[in-house]
K.L.:
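Handing you this structure, nothing more for now.
In what follows, chains are A, B, ... by sequence order, proteins preceding strands, each numbered from 1. Everything numeric here is computed off the predicted structure, so don't read it as measured data.
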Amino acid sequence: MTTFAELGLSPKILAAVEAAGYTTPTPIQAGAIPQALERKDVLGIAQTGTGKTASFVLPMLHLLEKGRARARMPRTLILEPTRELAAQVEENFVKYGVNHRINVALLIGGVSFDEQERKLERGADVLIATPGRLLDHFERGKLLLTGVEILVIDEADRMLDMGFIPDIERICKLIPFTRQTLFFSATMPAEITKLTEQFLHSPARVEVAKASTTAKTVTQRLVKSAKKPWDKRAVLRDLIQAEGDDLKNAIIFCNRKMDVSELFRSLVKHGFNAGALHGDMDQRARMTMLSNFKDGNLQLLVASDVAARGLDIPDVSHVFNYDIPIHAEDYVHRIGRTGRAGRSGKAFSIITGADTKYLDAIEKMIGEKIEWLDGDLSTLPAQEETEETGRRGRNNRGKNGKKSRDKDHKEKQAQPRVAEEKTAEAPQAVADISALNAPQPVLPDNVSIGTAVTAEPVRPAPHKNGHEDRRQNHNQNGQQNKRHRRDFDDEPSPLGFGDDIPAFMLIPINI
DNA sequence: AAAAAAC
């Protein structure tokens, strides 16, 4: 079996790898590192969770040992599709670069330019960036890409999904062709193959057997539910409680950002130790939520698909699909957050009558039928007329019977109820939850409860037209609906604390 | 029925 020492890495790097507790390289590392050290282009085909990041970070450190960076001229560039992934790669440089003196700059959106510019000015050995912010810096003239010796394109197929390919092409053309290119993708659709033909020079192809769709160590179950959000939330709570101590930590996926916020608030109200993660959250809150979840301070993370792929969150015992994903491949990515490295994991998907089409597609794709936990949809009692739905339905609806979140929201402010949905007790309710149910200003979209209790003024009544356009990339038709959404969702981005979030707010609620 | 990413 290969060892790290045989790969040709410098002693400084080997020491750091050993200190990090690794002895044996993964297949992608064993395949890619020697090629990269020989300055060959590499085409790495590997999923996340295969040790892919180290397979470019380690050889990069090795090659960076000679020479040093000049102002505004980074020596290497790594492109990542999401901010979290970019930050995660930076962490890898910290971990494996403990014995090196290298300057790493992280260029991602959602945070201020100033510090990023300072780091560029100081001379960056490694630039880790999402495409938009990188080009933004470039257009401002803060950055020259002519000194880049190594270019890494990570998660190329995801970049494709996200429409980044034109940006990637543009960036590639700004970098001298004498560079070395390391290119990673989990799949190779035609567009990606074309891209590699365009930008790689006789690459060494390193392919890691794809973890056959879904890991065998993951127990998958379907759970029936009526369609209404409060029904689904109750089903979820029951599931979480039924798992008891088996549930160490879990990611709960929703299809929409708005539902992430809503479910997060609901879970917290019910006394669960939960956080939230989606792309409209303030970057700082995103980072904090993620690190708190990784550190075990948060047990549950309600997330959009921003968390479905790539994020290195070891040891998630459970994945819940609060919504079943619309695209079958997302199902695989989501449940791939558990059952990693041979450990066992459980994945529960809440299914309503409207979901069967997507469920069929998923089962077809993974090539198996997923078992129902407790009877399939046909065993679902007729839901409409139950006391439960009746009561909640009234509270959740506006005069015309259409859902009016804004109204619902204000009602909650005015006369908060002790228990939102059915009076399920919180699982391990110990701490003083009453504060959460006390009258309070609008509970912010993004962060934990502490915020609401602070004297942050309730946000001024309806939005003036002007500043609604921050997120105008929603659908074109249906202005009415759109307004509803915004009124609820478009809280002043987290809390209006600007860059200075008081520390206590970032402390998750431990119960 | 979506999310992500620049301002």
Side-chain angles (χ1 to χ4, degrees), chain A residues 79-88 106-114 116-117 128-143 153-168 170-171 225 227-229 232 251-263 276-283 286 290 302-311 321-331 333-334 349-362 403 466-478 481-482 484-485 489 493:
Chain A
L79 294 173
E80 294 288 340
T82 68
R83 299 169 184 176
E84 275 74 16
L85 279 170
Q88 191 170 289
L106 183 63
L107 304 189
I108 59 174
V111 292
S112 94
F113 280 85
D114 297 353
Q116 296 179 356
E117 278 178 13
I128 307 163
T130 46
R133 183 55 75 96
L134 181 87
L135 287 169
D136 207 338
H137 278 286
F138 182 79
E139 278 156 14
R140 290 167 184 233
K142 301 296 180 189
L143 179 61
I153 297 168
D154 197 15
E155 303 260 337
D157 50 352
R158 197 167 176 206
M159 302 253 203
L160 173 72
D161 289 347
M162 292 169 64
F164 281 162
I165 297 304
D167 286 347
I168 299 297
R170 186 169 160 217
I171 293 165
S225 170
K227 289 192 192 82
K228 304 296 185 202
K232 291 179 78 172
I251 304 182
I252 303 165
F253 285 102
C254 300
N255 285 354
R256 284 165 299 203
K257 291 179 279 204
M258 203 178 67
D259 293 330
V260 170
S261 308
E262 207 168 87
L263 178 59
L277 186 68
H278 69 68
D280 278 354
M281 283 169 50
D282 174 87
Q283 191 54 32
R286 283 167 69 165
L290 190 58
V302 188
S304 68
D305 277 320
V306 68
R309 305 191 203 189
L311 288 189
N321 286 314
Y322 176 79
D323 298 309
I324 190 154
I326 292 165
H327 292 302
E329 67 269 23
D330 287 331
Y331 178 82
H333 287 294
R334 287 180 181 186
S349 300
I350 298 176
I351 307 292
T352 73
D355 297 331
T356 49
K357 186 172 70 175
Y358 302 109
L359 176 61
D360 290 346
I362 287 166
K403 232 204 249 175
H467 73 294
E468 293 240 334
D469 39 57
R470 262 188 301 137
R471 299 182 198 145
Q472 85 290 62
N473 60 344
H474 290 294
N475 60 347
Q476 314 304 342
N477 33 15
N481 283 341
K482 209 154 87 178
H484 278 144
R485 268 191 70 142
D489 195 30
S493 207

K.L.:
Round to the nearest Å and state the distance from A:His137 atom NE2 to B:dA6 atom C1'.
P.N.:
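Result: 10 Å.
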K.L.:
Side chain of A:Tyr358, heavy atoms from C-beta onward: which of B:dA2, B:dA5, B:dA1 has the nearest atom to it?
P.N.:
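Ranking B:dA2, B:dA5, B:dA1 by closest atom to the A:Tyr358 side chain puts B:dA1 first.
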K.L.:
Which nucleotide in the set B:dA6, B:dA2, B:dA5 lies at the smallest distance from any side-chain heavy atom of A:Asp330?
P.N.:
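Selected nucleotide (nearest to the side chain): B:dA2.
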K.L.:
Base of B:dA4, side chain of A:His278 - is there a donor-acceptor contact under 3.5 Å?
P.N.:
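When only heavy-atom distances are counted, A:His278 does not reach the base of B:dA4 through any donor-acceptor pair under 3.5 Å.
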K.L.:
Has A:Ser304 got a side-chain N or O lying under 4.0 Å from the OP1 or OP2 atom of B:dA2?
P.N.:
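For B:dA2, OP1/OP2 do not have a side-chain N/O of A:Ser304 under 4.0 Å.
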K.L.:
Output yes when A:Arg158 and A:Glu329 qualify as a salt bridge under the 4.0 Å nitrogen-oxygen rule, no when they do not.
P.N.:
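Looking at A:Arg158 and A:Glu329, the cut-off is not met.
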K.L.:
Using whole Å, report how far CD1 of A:Ile326 lies from P of B:dA3.
P.N.:
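Those two atoms, CD1 and P, are 8 Å apart.
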K.L.:
If the condition is side-chain hydrogen bond (donor to acceptor under 3.5 Å, both in side chains), which residues does A:Arg334 pass it with, not counting sequence neighbours?
P.N.:
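For A:Arg334, the residues satisfying side-chain hydrogen bond (donor to acceptor under 3.5 Å, both in side chains) (neighbours in sequence not counted) are A:Asn255, A:Asp305, A:Asn321.
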K.L.:
Using 4.0 Å as the upper bound for N to carboxylate O, is an ion pair formed by A:Lys232 and A:Asp323?
P.N.:
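A:Lys232 and A:Asp323: salt-bridged.
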K.L.:
Ignoring backbone atoms, establish whether A:Lys357 has a side-chain N or O less than 4.0 Å from OP1 or OP2 of B:dA1.
P.N.:
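No.
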K.L.:
Using a cut-off of less than 4.0 Å, is there contact between a side-chain N or O of A:Arg158 and OP1 or OP2 of B:dA3?
P.N.:
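Negative; the distance criterion is not met.
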K.L.:
Students often get this wrong, so: under 4.0 angstrom with heavy atoms, is A:Pro325 touching a base, only sugar-phosphate, or nothing?
P.N.:
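No contact.
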K.L.:
Rounded to whole angstrom units, what separation is found between the CD1 atom of A:Ile171 and the C1' atom of B:dA5?
P.N.:
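It works out to 12 Å between those atoms.
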K.L.:
Considering every strand and a 4.0 Å limit on heavy-atom distances, what is the contact class for A:Asp136: base, sugar-phosphate, or nothing?
P.N.:
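Base, at least one base atom sits under 4.0 Å.
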K.L.:
Listed by chain and number, what are the side-chain hydrogen bond (donor to acceptor under 3.5 Å, both in side chains) partners of A:Glu84, not counting sequence neighbours?
P.N.:
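Applying side-chain hydrogen bond (donor to acceptor under 3.5 Å, both in side chains) to A:Glu84 gives A:Arg286.
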K.L.:
Please give, in whole Å, the distance from B:dA5 C1' to A:Glu155 CD?
P.N.:
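It works out to 14 Å between those atoms.
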K.L.:
Expressed in angstrom and rounded to an integer, what is the separation of A:Glu84 atom CD from B:dA4 atom P?
P.N.:
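Spelled out: CD on A:Glu84 to P on B:dA4 is 9 Å.
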K.L.:
May I ask you to decide if A:Ile108's main-chain N or O and A:Gln116's side chain share a donor-acceptor pair within less than 3.5 Å?
P.N.:
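Yes, A:Gln116 side chain to A:Ile108 backbone: donor-acceptor pair under 3.5 Å.
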K.L.:
Starting at atom CE of A:Met258, determine the distance to atom P of B:dA1, rounded to an integer number of angstrom.
P.N.:
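Value for this atom pair: 12 Å.
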K.L.:
If I take atom CG in residue A:Leu107 and atom C1' in nucleotide B:dA5, what distance separates them, rounded to the nearest angstrom?
P.N.:
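After rounding, the gap between these two atoms is 14 Å.
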K.L.:
I need the CD1-P distance between A:Ile165 and B:dA4, as an integer number of Å.
P.N.:
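In whole Å, B:dA4 P and A:Ile165 CD1 are 19 Å from each other.
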K.L.:
Check whether any side-chain N or O of A:Arg286 sits under 4.0 Å from OP1 or OP2 of B:dA5, and answer yes or no.
P.N.:
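Yes, because at least one side-chain N or O of A:Arg286 sits under 4.0 Å from OP1 or OP2 of B:dA5.
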K.L.:
Which part of the nucleic acid, if any, lies within reach of A:Arg140 when heavy atoms closer than 4.0 Å are counted: base, sugar-phosphate only, or nothing?
P.N.:
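No contact at all - A:Arg140 keeps every heavy atom at 4.0 Å or more from the nucleic acid.
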K.L.:
Using the side-chain heavy atoms of A:Thr130, tell me which of these nucleotides is nearest: B:dA4, B:dA6, B:dA1.
P.N.:
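Among the listed nucleotides, the one closest to the side chain of A:Thr130 is B:dA6.
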